[in-house]
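Just so you know, these numbers use all the heavy atoms, side chains as well, and skip hydrogens, waters and symmetry mates. One is the number of the first residue; the rest follow in order along the sequence.
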Amino acid sequence: MYPGHWATVFPDKAAAIDAGTGAVRTFGELNDRSNRLARLFRDKGLRRGDHVSIFMENHLVYFDVVWAALRSGLYLTTVNRYLTTEEAGYIVDNSESSVLVASRCVAAVASELSAYAPNCEPYLMGDGAVDGFDDFEDAIAGYPAQPLDEEPAGGFMLYSSGTTGRPKGILRPLPETSITEPGETAGLLNMVWGVDQDAVYLSPAPLYHAAPLGFCQIVQTLGGTAVVMPRFDPVHALQAIEDHKVTHSQWVPTMFTRMLKLPEADRSGFDLRSHKVAIHAAAPISQEVKRQMLDWWGPILYEYYAGTELNGFTHCTPDEWLAHPGTVGRPLMGVIHICDEDGKELPAGEPGIIYFEMPAMPFEYLKDPEKTREAQHPEHANWSKLGDVGYVDDEGFLYLTDRATFMIISGGVNIYPQEIEDALIVHPKVMDVAVIGVPNPEMGEEVKAVVQPVEGVAADADLEAELIAYAREHIAHYKCPKSVDFRDELPRLPTGKLYKRLLKDEYWGKTGSRIV
């Protein structure tokens with residue numbers, strides 16, 4: 001199943017809706033436009049296994065490009081629309097993309113990309129082209145809407161978010177199938193969350209990120225409708241659920257926090273009865289935040305843990321979470337092993353590096369065999385890690401502790417920031433928080449909280465004292481922040497991931513490092 005099938009079943013049904021403008025891309029339009037672009041790719045010499053990139057905001061053209069690549073046997077790389085020219089150019093060049101599709105919205109950055117990605121051409125631009133780009137609509141209009149004679153299945157080659165260093169291209173083998181054959185992940189979404197042709201899926205996050213992109217594509221594969229927000233806004237998200245009768249959605253914990261901190265009148269003014277499944281992932285969630293969301297939305301919150309590498313997948317239903325608070329579930333894909341720094345397996349309840357065992361190593365980091373090897377277990381090449389720390393209980397439920405790179409070592413004691421962040425985020429005056437280790441001449445590191453206060457709250461010494469006292473009421477004193485600094489906004493991606501490295505570098509005097 002794919003747009004070509006659904007275009008014959010219900011050509012006028014919405015495959016995608018722009019929640020900001022109300023614009024619609026029907027399955028008939030999506031099929032025709034992706035066919036035209038696939039033929040353009042073929043005419044430019046692209047063949048199975050070649051690469052293309054897309055660099056734009058959440059836009060209906062995104063789906064034309066996605067399906068053109070997937071029905072041509074190509075790898076598609078999505079580029080974070082907020083990157084600088086140098087950063088975006090690195091990804092386009094490193095991915096060896098032969099074609100770039102951009103939009104007028106990012107023209108200022110895109111127009112300079114050729115200096116960093118000289119081997120990529122042609123360049124196409126939606127919403128009107130600037131110098132150096134061909135107009136997207138004019139370009140595809142010159143090709144027929146019939147499918148290619150052969151339609152090998154393509155795939156995504158996405159890049160890590162770069163929160164701990166230069167982004168890495170995550171290369172997975174292309175399927176040895178035709179686009180007309182449903183993939184494994186489509187069956188997973190149907191089995192686990194009941195996604196089918198009646199689903200209306202709300203995506204409030206950027207499409208350049210793996211989860212929103214993948215879920216939208218699979219919803220369309222199964223004949224459902226993807227409703228895409230231009231950017232997340234808590235009130236607009238609730239309005240979109242009501243307006244489009246959304247059945248399924250996906251979120252990150254910071255979105256929940258922002259919705260929970262809305263005035264009661266804003267929270268309670270929407271009809272959410274169509275909403276049956278709310279999925280969340282991408283970052284650990286505070287238990288209190290999740291309990292508040294369950295109280296508000298009911299038992300519809302489903303959680304999973306996985307990475308872009310797709311080296312494993314755990315899942316947790318609402319009932320399972322209530323019985324095992326804090327868990328991210330049990331594996332639906334892969335076998336979990338918790339190991340120490342030397343690779344020795346640890347007993348249940350003891351935190352360590354999380355490895356997933358698969359039949360074979362499911363990915364590699366593009367042009368970086370050393371990074372690929374670092375992701376593998378020292379003795380088992382088919383066990384791989386993402387760099388997260390956690391433990392399993394006696395029933396096999398996984399609990400995340402933190403990123404290994406964010407652990408604070410103070411006086412020889414390991415302190416995990418996530419626990420402290422979970423305690424502080426529910427304080428009514430805290431909009432966002434990051435906890436990091438900063439230099440301490442005696443202890444090596446000490447705990448510091450960097451807080452974005454709720455709008456209208458004074459960021460002063462009184463608030464600092466209040467938050468430290470609050471933390472000491474809820475967690476062991478040795479874990480509590482010794483100090484609190486304030487920011488108007490934390491360096492957090494729209495995907496919910498925090499550039500914590502940028503904060504740490506401020507305090508450790510590292511002025512030359514870059515995320516990419």
Side-chain angles (χ1 to χ4, degrees), residues 163-164 252-254 256-258 260-261 283-292 325-326 351 387-391 399-493 496-511 513:
T163 52
T164 58
V252 296
T254 54
F256 288 157
T257 300
R258 283 162 169 71
L260 287 168
K261 292 184 186 293
I285 186 170
S286 156
Q287 291 189 38
E288 182 57 30
V289 167
K290 186 154 182 176
R291 289 188 190 279
Q292 290 180 29
D388 293 316
V389 175
Y391 65 92
Y399 299 76
L400 299 182
T401 306
D402 217 316
R403 294 283 296 178
T405 51
F406 296 153
M407 184 175 68
I408 301 166
I409 304 176
S410 182
V413 177
N414 294 347
I415 299 172
Y416 295 104
Q418 187 64 48
E419 180 182 3
I420 310 162
E421 292 165 355
D422 287 349
L424 288 173
I425 192 62
V426 296
H427 190 284
K429 296 180 181 178
V430 175
M431 178 58 73
D432 202 358
V433 58
V435 172
I436 59 175
V438 298
N440 179 289
E442 180 183 356
M443 307 296 285
E445 290 184 279
E446 67 177 53
V447 179
K448 179 181 283 291
V450 184
V451 168
Q452 175 187 336
V454 168
E455 187 174 352
V457 172
D460 54 22
D462 289 341
L463 180 58
E464 179 183 26
E466 180 180 341
L467 294 178
I468 291 174
Y470 181 83
R472 290 171 71 90
E473 292 176 9
H474 292 85
I475 55 179
H477 290 189
Y478 76 90
K479 303 177 184 177
C480 292
K482 300 296 186 290
S483 58
V484 179
D485 288 353
F486 298 102
R487 297 284 191 279
D488 292 336
E489 188 174 7
L490 296 186
R492 191 179 288 276
L493 288 171
K497 291 191 175 183
L498 181 71
Y499 276 150
K500 191 173 282 190
R501 177 178 162 187
L502 284 182
L503 291 175
K504 292 187 69 173
D505 284 356
E506 289 182 35
Y507 295 94
W508 290 90
K510 296 180 181 178
T511 57
S513 65

Check: residues 446-454 side-chain donor-acceptor pairs under 3.5 Å, at least two apart:
unit_1: Glu446; atom_1: OE1; unit_2: Asn440; atom_2: ND2; d: 2.6
unit_1: Lys448; atom_1: NZ; unit_2: Ser483; atom_2: OG; d: 2.7
unit_1: Lys448; atom_1: NZ; unit_2: Asp485; atom_2: OD1; d: 3.4
unit_1: Lys448; atom_1: NZ; unit_2: Asp485; atom_2: OD2; d: 3.3

side-chain contact (heavy atoms from CB on, under 4.5 Å) evaluation trace for Leu498 with Thr254: CA-CA 10 Å; Leu498 181 71; Thr254 54; over 6 Å; no

Pairwise side-chain contact, Asp462 with Glu466, heavy-atom cut-off 4.5 Å (strictly under): no

Atom pair CG (Asp422) and CD (Gln287), whose distance is rounded to the nearest 0.5 Å: 7.5 Å

Separation of Arg258 CZ from Asp432 CG (nearest 0.5 Å): 5.0 Å

Verdict with supporting geometry, Ile408 and Val435, side-chain contact (heavy atoms from CB on, under 4.5 Å): CA-CA 9 Å; Ile408 301 166; Val435 172; 4.2 Å; yes

Minimal non-hydrogen separation, Val426 against Ser286, with atom names: CG1-OG, 3.7 Å

Ring geometry between Tyr470 and His427 (parallel below 30°, tilted from 30 to 60°, perpendicular above 60°): perpendicular

Interatomic distance, Ile285 atom CD1 to Leu400 atom CG [nearest 0.5 angstrom]: 12.0 Å

4.5 Å side-chain heavy-atom contact, Phe256 and Lys290: no

Side chains of Leu424 and His474 in contact at under 4.5 Å (non-hydrogen atoms): no

CD (Glu455) with more than 12 external heavy atoms under 6.0 Å: no

For Lys500 against Pro417, the heavy-atom pair lying closest together: NZ-CB, 3.8 Å

Closest non-hydrogen atom pair between Tyr391 and Thr401, with its separation: CD2-OG1, 4.1 Å

Rounded distance [0.5 Å steps], SG in Cys480 versus CG in Leu467: 11.5 Å

Heavy atoms from other residues, nucleotides or ligands near NZ of Lys429 exceed 12 (cutoff 6.0 Å): no

Pair Asp460-Leu463, side-chain contact (heavy atoms from CB on, under 4.5 Å): steps then yes or no: CA-CA 5 Å; Asp460 54 22; Leu463 180 58; 3.7 Å; yes

Side-chain heavy atoms of Val289 within contact of Pro253, under 4.5 Å: no

Any Glu445 side-chain heavy atom under 4.5 Å of Tyr507 side chain: no

Flag side-chain contact, heavy atom, 4.5 Å: Arg291 against Pro325: yes

Gap separating the CG atom of Leu490 from the CG atom of Leu503, nearest 0.5 angstrom: 6.0 Å

Contact check, side chains of Ile420 and Val433, non-hydrogen atoms, under 4.5 Å: no

NZ-OG distance between Lys479 and Ser410, expressed to the nearest 0.5 angstrom: 13.0 Å

Residues Leu502, Glu506; criterion side-chain contact (heavy atoms from CB on, under 4.5 Å); working and verdict: CA-CA 7 Å; Leu502 284 182; Glu506 289 182 35; 5.7 Å; no

